[in-house]
A.B. asks: 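Let me give you the structure first, and then I'll get to my questions.
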Amino acid sequence: MDRADFFEQVYQVVRLIPEGRVTSYGAIAQYLGAKSASRMVGYAMNASHTAHPPVPAHRVVNRNGLLSGKHHFPSATAMQQALEKEGITVIDDQVQDFKNLFWDPNAELAL
DNA sequence: ATGTTGACTTGGA
DNA sequence: GTCCAAGCCAACA
């Protein structure tokens with residue numbers, strides 16, 4: 001664990017995200033103890049495709065519930081489709097009822 | 001070694 | 001409510 005790289009730590013948290021739930025980069029960053037490193041979370045996600053097993057990056061959105069990272073997916077619609085597949089309604093690259101679907105690792109894992 | 005970038009967040013106007 | 005600017009840390013060139 002302590003040996004885990006910043007990327008791996010991010011991957012683990014993302015993989016813990018329940019199906020049909022989403023979280024924000026800041027929440028993950030905060031869980032890692034560096035809320036200011038929210039950008040690093042996104043950066044780590046950029047390399048998520050190199051992670052094994054792959055992480056559900058589609059469940060990670062920005063604080064606005066906007067699919068900010070959809071551009072980085074193999075297809076611009078891949079992220080939205082993945083979310084809808086899990087029962088999440090996405091309109092205009094925006095997660096509907098995001099507040100209700102939000103999954104905070106600090107609240108769920110740090111119980 | 002330094003400088004720039006980035007799937008972000010927060011605060012101020 | 002919106003828009004602009006600054007901060008933050010790690011990886012990449």
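Reminder, nothing fancy here: chain letters follow the sequence lines and each chain counts from 1.
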A.B. asks: Quick one, which residues of residues 16-30 of chain A touch DNA chain B with a heavy atom under 4.0 Å?
C.D. replies: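 The answer is A:S24, A:Y25, A:G26.
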A.B. asks: Round to the nearest Å and state the distance from A:M79 atom CE to B:dA7 atom P.
C.D. replies: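 Nearest whole value for this atom pair: 12 Å.
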A.B. asks: With the threshold set at 4.0 Å, does a side-chain nitrogen-carboxylate oxygen contact exist between A:E86 and A:R21?
C.D. replies: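 Looking at A:R21 together with A:E86, the answer is no, because their closest N to O distance does not fall below 4.0 Å.
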A.B. asks: Give me the atom names and distance for the closest heavy-atom approach of A:V61 to A:M79.
C.D. replies: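 Here A:V61 and A:M79 meet closest at CG1-CE, 3.9 Å.
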A.B. asks: Show the nearest heavy-atom pair for residues A:M45 and A:V10, with the distance to one decimal.
C.D. replies: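 Here A:M45 and A:V10 meet closest at SD-CG1, 3.7 Å.
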A.B. asks: Would you say the side-chain atoms of A:D5 pair up with the backbone N or O of A:E8, donor to acceptor, closer than 3.5 Å?
C.D. replies: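 Flag not set: sc A:D5 to bb A:E8 has no pair under 3.5 Å.
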A.B. asks: Just the atom pairs and distances: protein N or O near nucleotides 10-13 of chain B's N or O, under 3.5 Å.
C.D. replies:
none

A.B. asks: Parallel, tilted or perpendicular for A:H58 and A:F73, by the 30°/60° rule?
C.D. replies: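 Aromatic pair A:H58/A:F73 classed perpendicular.
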A.B. asks: So which heavy atom on A:V55 is nearest to which on A:Y11, and how close?
C.D. replies: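 That would be CG1-CB, 3.5 Å.
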A.B. asks: Which of residues 91-101 of chain A have a heavy atom under 4.0 Å from DNA chain B?
C.D. replies: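 None, since no heavy atom is under 4.0 Å.
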A.B. asks: Output a table of nitrogen or oxygen pairs between the protein and nucleotides 8-13 of chain C separated by less than 3.5 Å.
C.D. replies:
unit_1	atom_1	unit_2	atom_2	d
C:dC8	N3	A:R39	NH1	3.1

A.B. asks: State whether the side chain of A:S24 and the backbone N or O of A:A27 hold a donor-acceptor pair below 3.5 Å, judged by distance alone.
C.D. replies: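 Answer holds: yes.
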A.B. asks: Quick one: A:N46 CG to B:dC8 C1', roughly how many Å, whole number?
C.D. replies: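 After rounding, the gap between these two atoms is 14 Å.
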A.B. asks: In residues 51-62 of chain A, what residues come within less than 4.0 Å of DNA chain B, judged by heavy atoms?
C.D. replies: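 Listed by number, they are A:A57, A:N62.
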A.B. asks: Where does DNA chain C pair, written as one dot-bracket string 5' to 3', with Watson-Crick or G-U pairs under 3.5 Å, ( ) inside the strand, [ ] for crossing pairs and | for another strand?
C.D. replies: .||||||.|||||
